[in-house]
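First up is the structure itself, then whatever we jot down about it.
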Amino acid sequence: MKTSKQLSSVHPGYAEYAYRWDYYMRSYMGAEEYRDGAFLRKYIAEDQAPGNQYQQRLIDTALQNHVRQIVDAYRSFLFRNPPKRTMGTLVDNPFAMKFLENADLDYTTLDDFMREVNDMVTIYGGAWVAMDRPAYQVDTVAQEIAEDIRTYATLYSPTNVRDWSYSKKVNGQRTLDYVKVIDESYEDYDVIRCWHPDMIEVYTVQKGEAGQIYDGMQLSELSSTKDNISLDYGKVLNYEEYPNPIGYVPFIHVQTDKSFHKGVGTSAVGDVCDLQREIYNLSSELYQTIRLSSHPSIVAEPAAEISGGAGAIITIPEDTSNVPYLLQPTGASVDGILRSIEQKVDAIDELSHLTAIKAKKGAQSGISLQVEKEMLNAKLADTAGVLESAEKKMWNMWFDLQGVEPTDEFYIEYEKKFDLRDKHQEIALYKSALETVPHDSFVHYMHNEVARLMINDESDLQIVLDNIAEDHKAMNVSLPNDGEEEQS
């Protein structure tokens, strides 16, 4: 049994990345969560001014949420075609079918669950997936079905997995042998679950007063807190332990890019978050510049009577030698701020490889756009491969926990080719080519290519191709084969 101090400790990777994870998630969520992060740079003594001008500036500044746009765009490409699963004899297994329909016991389908995994990996750089089965014992399979006692999946964000460790086998393979996760969090206490290869410990522990001390701090101040972010847990209110039935820790760490710590990934939108924060600050400067240009500051004696609005009259005492005057910026910096924002938006598009799919004036050359498409395709294919591998590992754990032997027919495949072709541009190219080379066999070939471009369904495509071939055959036209001359 662990002490409250041991439960409060965190992994070095958690200590280093926790404040970044909070920053990344707030950047994705936007709205009040981003405003509460206080990512605007403060002016000197701004928060001490009458009316707390810094808080008012946070309210006045709108966020252009590029991070959410990128995450949503990646997801739309990756899951445009759902994963293909060949279940084999598992179609007759009610527990396997229920896992597909309700993967996490919260009515989330397995496809939707993997979408959530993808989003979390894109934002944080990594996510933890656990497979578990209730320890409740029943006598018959019918009771298991009736009570829905089966293996299920749980998705944990990196902020909930506070400690972990790996060990090496004799063959050099590194395996996960310990995970400490906050399973449930309440106002006064947390439920912490510690996984070992031979047993599972469950602690109900009272919260201290530390909390998440990085909330609401300036980003420049966060790095100084990363060595002191652990929650100050108090008394252990309850403790339970029970054996681990499969002999290993059923957790998977899903990540696309590695970091300096095993069990921690590198966010795909980390640099985008920084650029978004710069745009956020520039938007505030733009708003302040326009506001001050429209409403200049007045310098006058305390006894002066000032009224607002157009044509206002300022009355000052007769015995004063000072005349009120205005402090008004020229507004010349507005264009510079707008150009800077535009450059940073372009940089975000280049980082995310989304330039090619955004209609922009001053377009790149056809070659550069094609390279951008291929880079995006490669990135999406890598992510699809990671998700496919993660789901296969999940199913392997499902087989172990459920006590089912996998079948040879069982297979999972994620789409790894993402067609980013500009159909309008290609149709225009085909039309020009047909006008340039009106030869019958070339026309036949181009008609087939147009059909392949426009029709996605394989069966429908084959019907159309057969009809095209019959029409051309009726016109006594055939395609040349392997360099042979066309015969008509």
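Position 1 is the first residue of the sequence; numbering continues from there.
Taking the side chain to side chain contact (heavy atoms under 4.5 Å, CB included) definition, one finds that Asn238 meets it with Thr204, Glu240, sequence neighbours left out. In this structure, the salt bridge (Lys or Arg N to Asp or Glu O under 4.0 Å) partners of Glu32, at least two apart in sequence or on a different chain, are Arg35.
Ring planes of Tyr156 and Phe251: parallel class, angle under 30° (limits at 30 and 60°). Note: Trp128 and His253 have tilted aromatic rings, judged against thresholds of 30 and 60 degrees for the angle between ring planes.
For an aromatic pair to be called close, the ring centres must be under 6.0 Å apart, and Phe39 with Tyr23 satisfies this.
Interatomic distance, OG1 of Thr109 versus CZ of Arg115, reported as 6.5 Å (0.5 Å rounding). From Phe79, atom CZ reaches atom OH of Tyr74 across 14.5 Å, with rounding to the nearest 0.5 Å. Leu58 contributes atom CG, which lies 11.5 Å from atom CG of Leu63 (distance to the nearest 0.5 angstrom). Note that CZ of Phe99 and CG of Asp104 are 9.0 Å apart. Values are rounded to the nearest 0.5 Å. Considering CE of Met87 and CH2 of Trp395, their distance stands at 3.5 Å, rounded to 0.5 Å. Leu7 contributes atom CG, which lies 7.0 Å from atom OG of Ser4 (distance to the nearest 0.5 angstrom).
The 12-atom threshold is exceeded at OH of Tyr242, counting heavy atoms of other residues, nucleotides or ligands nearer than 6.0 Å. More than 12 heavy atoms of other residues, nucleotides or ligands sit less than 6.0 Å from atom NZ of Lys98. In this structure, Lys258 places its NZ atom where only 12 or fewer heavy-atom neighbours from other residues, nucleotides or ligands lie under 6.0 Å away. By the 6.0 Å contact criterion, CD1 on Ile44 is open, its count of non-hydrogen atoms from other residues, nucleotides or ligands being 12 or less. Within a 6.0 Å sphere centred on CE of Met29, other residues, nucleotides and ligands contribute 12 heavy atoms or fewer.
Using modelled atom types, no side-chain atom of Tyr414 and backbone atom of Thr383 make a donor-acceptor pair closer than 3.5 Å. Looking only at distances, no side-chain donor or acceptor of Lys180 sits under 3.5 Å from a matching main-chain atom of His11. Glu391 contributes no side-chain N or O that, together with a main-chain N or O of Ile412, makes up a donor-acceptor pair within less than 3.5 Å.
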Please tabulate, for side-chain N and O atoms in residues 142-155, each donor-acceptor pair with protein atoms closer than 3.5 Å (sequence neighbours left out).
unit_1	atom_1	unit_2	atom_2	d
Gln143	OE1	Asp139	N	2.8
Gln143	OE1	Thr140	N	3.3
Glu144	OE2	Arg133	NH2	2.7
Asp148	OD1	Arg150	NE	2.8
Arg150	NH1	Asn102	O	3.2
Arg150	NH2	Asn102	O	2.7
Thr151	OG1	Gln402	OE1	2.8

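Between Asp190 and Tyr233, the side chains place a donor N or O and an acceptor N or O closer than 3.5 Å (distance only, hydrogens not considered). Side-chain contact, Tyr248 with Asp400: a donor N or O sits under 3.5 Å from an acceptor N or O. In this model, no donor atom of one side chain and acceptor atom of the other lie less than 3.5 Å apart for Lys379 and Thr256.
We find that Arg75 and Asp72 are joined by a salt bridge, their nearest charged nitrogen and carboxylate oxygen being less than 4.0 Å apart. With respect to the salt-bridge test (charged N to carboxylate O, under 4.0 angstrom), the residues Asp335 and Arg339 do not qualify. Arg277 and Asp274 are joined by a salt bridge, as a carboxylate oxygen and a charged side-chain nitrogen come within less than 4.0 angstrom of each other.
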